[in-house]
Number of protein chains: 2
Amino acid sequence: MLQGYDKYAHEPFAVTVDLAVLTLREGALHVLLVERGQEPYRGHWALPGGFLHPDESAETAARRELAEETGLADVSGLHLEQLRTYSEPGRDPRMRVVSVAFAALLPDAPEPHGGGDAAEARWVPYDKAGPLAFDHDRILADAHERVGAKFEYTCLATAFCPPEFTLGELQQVYETVWGTALDRPNFRRKVLATPGFVEAVPGAARLTGGRGKPAAVYRAGTATALHPPLLRPSREGRPA
Amino acid sequence: MLQGYDKYAHEPFAVTVDLAVLTLREGALHVLLVERGQEPYRGHWALPGGFLHPDESAETAARRELAEETGLADVSGLHLEQLRTYSEPGRDPRMRVVSVAFAALLPDAPEPHGGGDAAEARWVPYDKAGPLAFDHDRILADAHERVGAKFEYTCLATAFCPPEFTLGELQQVYETVWGTALDRPNFRRKVLATPGFVEAVPGAARLTGGRGKPAAVYRAGTATALHPPLLRPSREGRPA
DNA sequence: CTCTTTATAGTCGTAGTGACTATTAGTCGA
DNA sequence: TCGACTAATAGTCACTACGACTATAAAGAG
């Protein structure tokens, strides 16, 4: 309780934010990693992040770090989601660090120019994001799970898409994040039946790789929730 | 990023946990509140909580505080869920406090004997949990929303029930948390059709208030997820 | 052309569910 | 002891959503 100020010696903690910045490149989920130039975990890869400044909230700090690490001028429209806070005593060998973790979703993936203090920053395929420093493997896995779960009942998937996209591209986003194939006509029916999920760009059509019939072009709609949800073909429901 | 140790003057923060301890009493959602005996917000009600000790995680601290505030001997089996972390610079007028918020669900509600430093602790109906200290109104609302959402796709509702309960009681839990009435036969069908949600206690039956046909008694099952989900009759799906 | 590729349209059967009605098993009050 | 009342449980019916399909349209490649 908060009346304990004078009673407890409230130990000071260092507070950081850690970011799982996700994007899709060439049909595969990628995550932004930085190479550590100092001990501990020197030479290991880690999630970008940094200390909370005295005058900012965790969300503000996360957005600032996101801008620094990606080099993007405008990160105001990007989806940033607080995951949870990691506070196990031993998670940083040097000192007591409590870290607020965020997931960020980017549509396109400009190569990061290590603007921050990172020795090197790079997009790494999610599957090859080997053992990371600290508990960042856990944070990254939690981010993936959260994003996958939110795809079921929100319109979050469009955050991975450029401003204009085809339904095939949107389906690829789902398939890549969930790691499962989806039936194309059924996916299409579901998306179009959900009001506000996507809206057609009149008259626009685009070829999806040079071949086949050009696909209609859509924009993200105004809806944020998905009712009823678009459930992933999960472990459940199978003949156990 | 975490290599910034020597560069940034990483300001120390006080880290606390705040608990939204929820229970059902007489068919209404109640929350455990403590009366503040010190400035600021002296005399106001607040969520229980306290500072993180140097050697414990936020989860450990939350469980410790929960035991202290409720006076319960065994809080190991209780559902404790990290909500999110609140870190706005001005949320505590005295100092920079970052708070990790949790929601806790209790089946029965023993009157708390203010074991901690709380001047007074009391169960307060959710609706009458007037303006709270700090940003605790927001935390409490977030807890309610999170629990309501989790009811849709998990078996969490049994956390509000005693070890043995009737389907009518379980339905009341849903109705109270969601604030909507549910059709009894349909609710029953749905719960029984979900394997592992509840399991029958053989031969047991109980009257639900002295009247009517005695109801069969159930225990919480082993399942944790609900597939397909039990969606609340929401704002969506209505003729807009 | 025709073959391949991709988008789009539509069909069919079934699980899930909302809105009901009917029946059963108790208590309470006259 | 006999209804009236109450609550639990059983069952019906129609409609929606969805998985698994087949069919057609529109492009490029050869």
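Each chain gets a letter, A, B and so on, in the order its sequence line appears, and its residues count up from 1.
- Minimum atom distance to the side chain of A:Arg189 is reached by C:dC12, of the listed C:dC12, D:dT9, C:dG16.
- Take A:Ser57 and apply the side chain to side chain contact (heavy atoms under 4.5 Å, CB included) test, not counting sequence neighbours, and it matches A:Glu59, A:Thr60, B:Ser87, B:Glu88, B:Pro89.
- A heavy-atom distance below 4.5 Å is not found between the side chains of B:Val17 and B:Ser99.
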Under 3.5 Å, sequence neighbours excluded: what are the donor-acceptor pairs made by side chains of residues 123-130 of chain A?
unit_1	atom_1	unit_2	atom_2	d
A:Trp123	NE1	A:Pro110	O	3.0
A:Tyr126	OH	A:His144	ND1	3.2

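- Remark: A:Tyr174 engages A:Phe151, A:Trp178, A:Phe187 in a ring pair (Phe, Tyr, Trp, His ring centres under 6.0 Å) (not counting sequence neighbours).
- Looking at A:Leu24 and A:Leu29, their side chains come closer than 4.5 Å, going by heavy atoms from C-beta outward.
- In summary, the side chains of A:Asp142 and A:Tyr86 do present a donor paired with an acceptor at a separation below 3.5 Å, with no hydrogens or angles considered.
- Proximity of residues 164-181 of chain A to DNA chain D (heavy atom under 4.0 angstrom from any strand atom) is not detected for any residue.
- Atom CZ of A:Arg206 and atom P of C:dT8 are 12 Å apart (whole Å).
- Contacts of B:Ala193 with the nucleic acid, taken as non-hydrogen atoms under 4.0 Å apart, are absent.
- With sequence neighbours left out, B:Thr222 forms a side-chain hydrogen bond (donor to acceptor under 3.5 Å, both in side chains) with no residue at all.
- Checking D:dA20, C:dT17, C:dT8 against the side-chain heavy atoms of A:Ala215 singles out C:dT8 as nearest.
- Taking 4.0 angstrom as the limit, A:Arg188 places none of its side-chain polar atoms (N or O) nearer than this to OP1 or OP2 of C:dA7.
- Counting to the nearest Å, the P atom of C:dA19 and the CG atom of B:Leu182 are 11 Å from each other.
- One atom, NZ of B:Lys190, and another, P of D:dA10, lie 18 Å apart when rounded to the nearest Å.
- As a whole-Å value, the separation of A:Leu192 CG from C:dG10 C1' is 14 Å.
- Between the side chain of A:Gln171 and the backbone N or O of A:Leu182, at least one donor-acceptor pair lies under 3.5 Å.
- In this structure the side chain of B:Leu170 reaches within 4.5 angstrom of the side chain of B:Thr158, judged on heavy atoms.
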_Across nucleotides 20-30 of chain C, 5' to 3', mark each nucleotide with B, S or - according to how protein heavy atoms within less than 4.0 Å reach it._
B---BBBSS--
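- Rounded to whole Å, atom P of D:dG19 lies 12 Å from atom CZ of A:Phe187.
- One interatomic measurement links the two molecules: NE2 of B:His227 to P of C:dA15, which rounds to 18 Å at whole-angstrom precision.
- Rounded to an integer number of Å, the gap from B:Leu226 CG to C:dT17 C1' is 14 Å.
- Rounded to an integer number of Å, the gap from CZ of A:Arg184 to P of C:dA7 is 4 Å.
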